[in-house]
Amino acid sequence: MSSAPEAPVIPAALIGRLRKARSMAALTGAGISAESGVPTFRDAQTGMWAKFDPLELATPDAFRRNAKLVWDWYAWRRELVAQAQPNAGHRALAAIEAANPGFLVITQNVDGLHQAAGSANVVELHGNIRRVKCSRDGTIVATWDDSSPREAPRCAQCGAFLRPDVVWFEETLPDDALVRAEHAARDCDVLLVVGTAAEVYPAAMLPTYARHHGAAIVEINPSPTRLSDRVDYTLRGPSGVVLPALVTAVWGDVPAAR
Ligand code: APR
């Protein structure tokens, strides 16, 4: 019978660094939502990319080739995300913001679970799957008719196909989001890097950029990543266990964000 994973001991030096920090930020990836039942991308077998080919589903070319296939796949993911609840890891980051108003969450996730947990300062680098937009001019639409069994829904204004408001491979990130993320990485004293394999750019360059500007990098991940040999602190474990322990160790029982 497997017992609940134990939180690692939080080093005293890290506790001191977080208490003294003038500015902090977190970079999060799919791993923080794993405990909410949202599959990650690269985890062997369980990750999305083990089952689906990203080049068939998450590129502009794939959409041009088969908009219906891509639409249905995102509709399936949107349903998954709609069922998911934020977990203790999301709530812990929201609690850090409650105790440190300038705290910023920079997320690669498109699930909106940080905001659902009460985080107000969130930069979405890869968009949000809950939003849908016109593929021609990017206008966000509130409603759409996807009853057609043969094709993806179309924009009521111009007739172009609708698509999820997410960033696909080969596409550039939203300018304002990237600028905010870079500023936060440059200015922060501590960057928490939570649940990301750090393999997708430009998000994966943020920890190196922050470290170059003097920040302490804290990796929170049950497994090593390609970033692991370039961080200052490593907390091995699921973020839903590690982050609440970190918050309690540094700030005591911080009231929940909501
Ligand atoms: N807590 C913390 N980390 C976890 C947990 C957990 N409970 N479970 C898994 N992880 C870690 C894995 O060890 C892995 O390092 O989360 C990481 C997930 O990595 P990926 O699946 O590669 O996700 P991510 O890094 O967010 O991917 C980046 O790639 O596919 C694109 O656009 C997509 O935003 C995504 C980007």
Side-chain angles (χ1 to χ4, degrees), residues 2 4-8 26-60 62-63 70 73-74 77-78 80-81 84-93 105-114 117 122-129 163-174 177-178 181 192-208 217-231 233-246:
S2 66
E6 264 190 51
L27 172 66
T28 68
I32 197 168
S33 295
E35 292 151 89
S36 296
V38 180
T40 64
F41 293 91
R42 287 172 192 82
D43 283 348
Q45 278 86 48
T46 58
M48 290 255 204
W49 300 146
K51 298 193 198 95
F52 305 101
D53 178 353
L55 299 179
E56 288 306 317
L57 293 161
T59 65
F63 189 68
V70 173
W73 187 64
Y74 278 93
R77 287 183 56 197
R78 193 176 302 117
L80 260 182
V81 161
Q85 295 300 320
N87 62 60
H90 297 105
R91 290 193 295 275
L93 292 183
V105 172
I106 305 161
T107 191
Q108 298 168 84
N109 300 344
V110 296
D111 56 32
L113 290 177
H114 286 298
V122 179
V123 168
E124 296 177 316
L125 291 176
H126 297 162
N128 189 313
I129 200 170
R163 57 163 286 176
D165 183 25
V166 299
V167 178
W168 284 328
F169 290 104
E170 298 148 23
E171 290 188 320
T172 53
L173 275 56
L178 196 50
L192 305 176
V193 181
V194 186
T196 181
E199 294 185 13
V200 173
Y201 288 77
M205 67 78 183
L206 292 168
T208 310
I217 310 299
V218 184
E219 183 173 61
I220 295 164
N221 196 314
S223 314
T225 71
R226 57 173 59 194
L227 187 69
S228 299
D229 58 3
R230 285 171 287 135
V231 303
Y233 300 94
T234 301
L235 302 177
R236 284 268 167 265
S239 48
V241 173
V242 174
L243 284 169
L246 181 80

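Just so you know, ligand 1 is whichever comes first in the structure, and atom 1 is the first atom listed for that ligand.
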> Can you tell me how far the CG atom of L206 sits from the OH atom of Y201, to the nearest 0.5 Å?
Replying inline: 10.0 Å
>> Donor-acceptor check, side chain of H126 to backbone of Q108, threshold 3.5 angstrom: yes or no?
In response: yes
>> I want to know if ligand 1 touches A30 in the polar sense, i.e. an N/O pair below 3.5 angstrom.
In response: yes
> Against heavy atoms of P238, which atoms of ligand 1 measure under 4.0 Å?
Replying inline: 1 (N), 6 (C), 7 (N)
> Going by distance only, is there an N or O of N109 that falls short of 3.5 Å from an N or O of ligand 1?
Replying inline: no
>> If I take atom CG from residue L227 and atom CE from residue M205, how far apart are they, to the nearest 0.5 angstrom?
In response: 13.0 Å
Result block: side-chain N/O donor-acceptor pairs under 3.5 angstrom for residues 29-38, not counting sequence neighbours:
residue: S33; atom: OG; partner: H90; partner atom: NE2; Å: 3.2
residue: S33; atom: OG; partner: D111; partner atom: OD2; Å: 2.6
residue: E35; atom: OE1; partner: G240; partner atom: N; Å: 3.2
residue: E35; atom: OE2; partner: G240; partner atom: N; Å: 3.1
residue: S36; atom: OG; partner: Q85; partner atom: O; Å: 2.7
residue: S36; atom: OG; partner: N87; partner atom: N; Å: 3.4
residue: S36; atom: OG; partner: N87; partner atom: ND2; Å: 2.9

>> Suppose I only count heavy atoms of S223 and a 4.0 Å limit; which atoms of ligand 1 are within that range?
In response: 13 (O)
>> Measuring from atom 28 (C) of ligand 1, which candidate in E35, R226, Q108, H126 has the nearest non-hydrogen atom?
In response: Q108
> With a cut-off of 4.0 Å, which atoms of ligand 1 are near a heavy atom of G29?
Replying inline: 26 (O)
>> Using 0.5 Å steps for rounding, measure from the CH2 atom of W168 to the CZ atom of R163.
In response: 4.0 Å
> For S223, does its backbone N or O pair with a side-chain atom of R236 as donor and acceptor, under 3.5 Å?
Replying inline: yes
>> With heavy-atom distances below 4.0 Å as the criterion, list the atoms of ligand 1 near P222.
In response: 1 (N), 2 (C), 3 (N), 4 (C), 5 (C), 10 (N)
>> How close do P207 and V193 get, counting heavy atoms only, and between which atoms?
In response: CG-CG2, 4.0 Å
> Is F169 touching ligand 1 with its side chain, its backbone, both, or neither, if touching means heavy atoms under 4.0 Å apart?
Replying inline: side chain
>> If we set the cut-off at 4.0 Å for heavy atoms, which region of T196 has an atom near ligand 1: side chain, backbone, both, or neither?
In response: both
